[in-house]
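Protein chains get the first letters and strands the later ones, always in sequence-line order, with residue 1 at the start of each.
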Number of protein chains: 2
Amino acid sequence: MASIGEHGGDDVRKRLRALGLRPTRQRVALAELLTTGEHRHLSAEDVYAEARNAGIRLAYTTVYNILHQFTAAGLLREVVVEPGRTWFDTNTGPHLHLLDEESGTLQDYPIDPKSLHLLNELTLDDDLEIADVDIMVRVRRKPGRD
Amino acid sequence: MASIGEHGGDDVRKRLRALGLRPTRQRVALAELLTTGEHRHLSAEDVYAEARNAGIRLAYTTVYNILHQFTAAGLLREVVVEPGRTWFDTNTGPHLHLLDEESGTLQDYPIDPKSLHLLNELTLDDDLEIADVDIMVRVRRKPGRD
DNA sequence: GTAACTGCAAAACTTTTGCAACCAG
DNA sequence: CTGGTTGCAAAAGTTTTGCAGTTAC
């Protein structure tokens, strides 16, 4: 594990600054929390709870502020599944989402961007360009004998 | 224009019944409203307002109930763009969505399902199958000279 | 010192719930 | 009749706002 210790996080600070974000105590703490370990899907509430558990003192409002700033900066991706169910995805690489509607489970599935052949053929207005593509595959248990 | 007149809607009634939905006054009226004319993206509020303007008396709750029932029955598609921004799409054919984040505008773009080559290669659990696929292409105005 | 940022409480929104009244078959 | 539907008001949930106080540089 890299040296993201007690008083560490110098690299995080640099990265934040490069994104035009002042490395405040709260932003550094959340950035470390969110970029450490496996990729995850977290609700704002999840992030708040985890932060508090980790001993980070910060307000709920601040969690929202920072999550949105991180999303705008490309550190996170926002995934809206249903109204009132927003996930922040720590995986910003090319992937699609598998949603099991029965359980509400969201799963990443890596894809080769080149396979999105279709997107190169979209006819857009001349002054428009593709900023991002979200693909959600809704899966269900096969019907039949239970 | 087909005969969807004052006291008409017999075909609508049949269609609703075929879907297992009792053709109540409210359901018939909304089904006519939503299946007439061009395809559109409507919020629950839009539908409520349009219905009232058209002289249909019904409750906000009922609009939600019916929109969800229609969605489950395949008469509509639900599109969630951001938390607190759900659209009901009257176009149930194969298409993707272009979202201009600046303006919040959502636009349909027809696609050939066969071009979704990628989806045939997804490795899913044996008891799972694809129920539906939502593709959202976020577009933005090209940066550069203003 | 100053602009950027945070924290708190309240507000704003959309969507859901519970239950009595109503209607279709 | 009888269960499926509707309507109303109230509740639930998430996300946003306004503004005073704090912090980064």
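Between the CG atom of A:L19 and the C1' atom of C:dA4 there is a distance of 16 Å, rounded to whole Å. Atom C1' of nucleotide D:dT15 and atom CD of A:E78 are separated by 11 Å, given to the nearest angstrom. Atom C1' of nucleotide C:dT15 and atom CD of B:E82 are separated by 16 Å, given to the nearest angstrom. Straight-line distance from the CG atom of B:L30 to the C1' atom of D:dT6: 12 Å, rounded to whole Å. Rounded to an integer number of Å, the gap from A:R25 CZ to D:dA24 P is 8 Å. One interatomic measurement links the two molecules: CG of B:L16 to P of D:dG4, which rounds to 17 Å at whole-angstrom precision. Atom CZ in A:F70 sits about 13 Å away from atom C1' in C:dC5, given to the nearest Å.
Contacts of residues 47-69 of chain A with DNA chain D (heavy atom under 4.0 Å): A:T61, A:Y64, A:H68.
Distance check, rounded to the nearest 0.5 Å: CG of A:D100 to CD of A:Q107 gives 9.0 Å.
Residue A:D108 is tested with A:R40, A:H97, A:H39 for a side chain to side chain donor-acceptor pair (under 3.5 Å); the sole match is A:H97.
The side chain of B:Q26 places an N or O atom within less than 4.0 Å of a non-bridging phosphate oxygen (OP1 or OP2) of D:dG7. Within the structure, a side-chain polar atom (N or O) of A:R27 is placed less than 4.0 Å from OP1 or OP2 of C:dC5. Residue B:R17 places at least one side-chain N or O under 4.0 Å from the OP1 or OP2 atom of C:dG25.
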Legend entry - Audit row: A:L58, A:V63, side-chain contact (heavy atoms from CB on, under 4.5 Å) steps and yes/no: CA-CA 7 Å; A:L58 85 180; A:V63 170; 4.0 Å; yes
Legend entry - Worked verdict on B:R77 versus B:D134 for salt bridge (charged side-chain N to carboxylate O under 4.0 Å, His left out): CA-CA 10 Å; B:R77 276 185 82 150; B:D134 298 342; 2.6 Å; yes
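Using a 4.0 Å cut-off between charged nitrogen and carboxylate oxygen, A:E129 and B:R140 count as a salt-bridge pair.
When heavy atoms are screened at a 4.0 angstrom cut-off, B:R85 is found touching no nucleic acid atom at all.
No side-chain donor-acceptor contact under 3.5 Å links A:T36 to the backbone of A:L33.
Ring geometry, B:F88 versus B:H68: the interplanar angle falls from 30° to 60°, so the pair is classed tilted.
DNA chain C is contacted by both B:R22 and B:T86; B:T86 maps to the nucleotide lying nearer its 5′ end (nearest heavy atom per residue).
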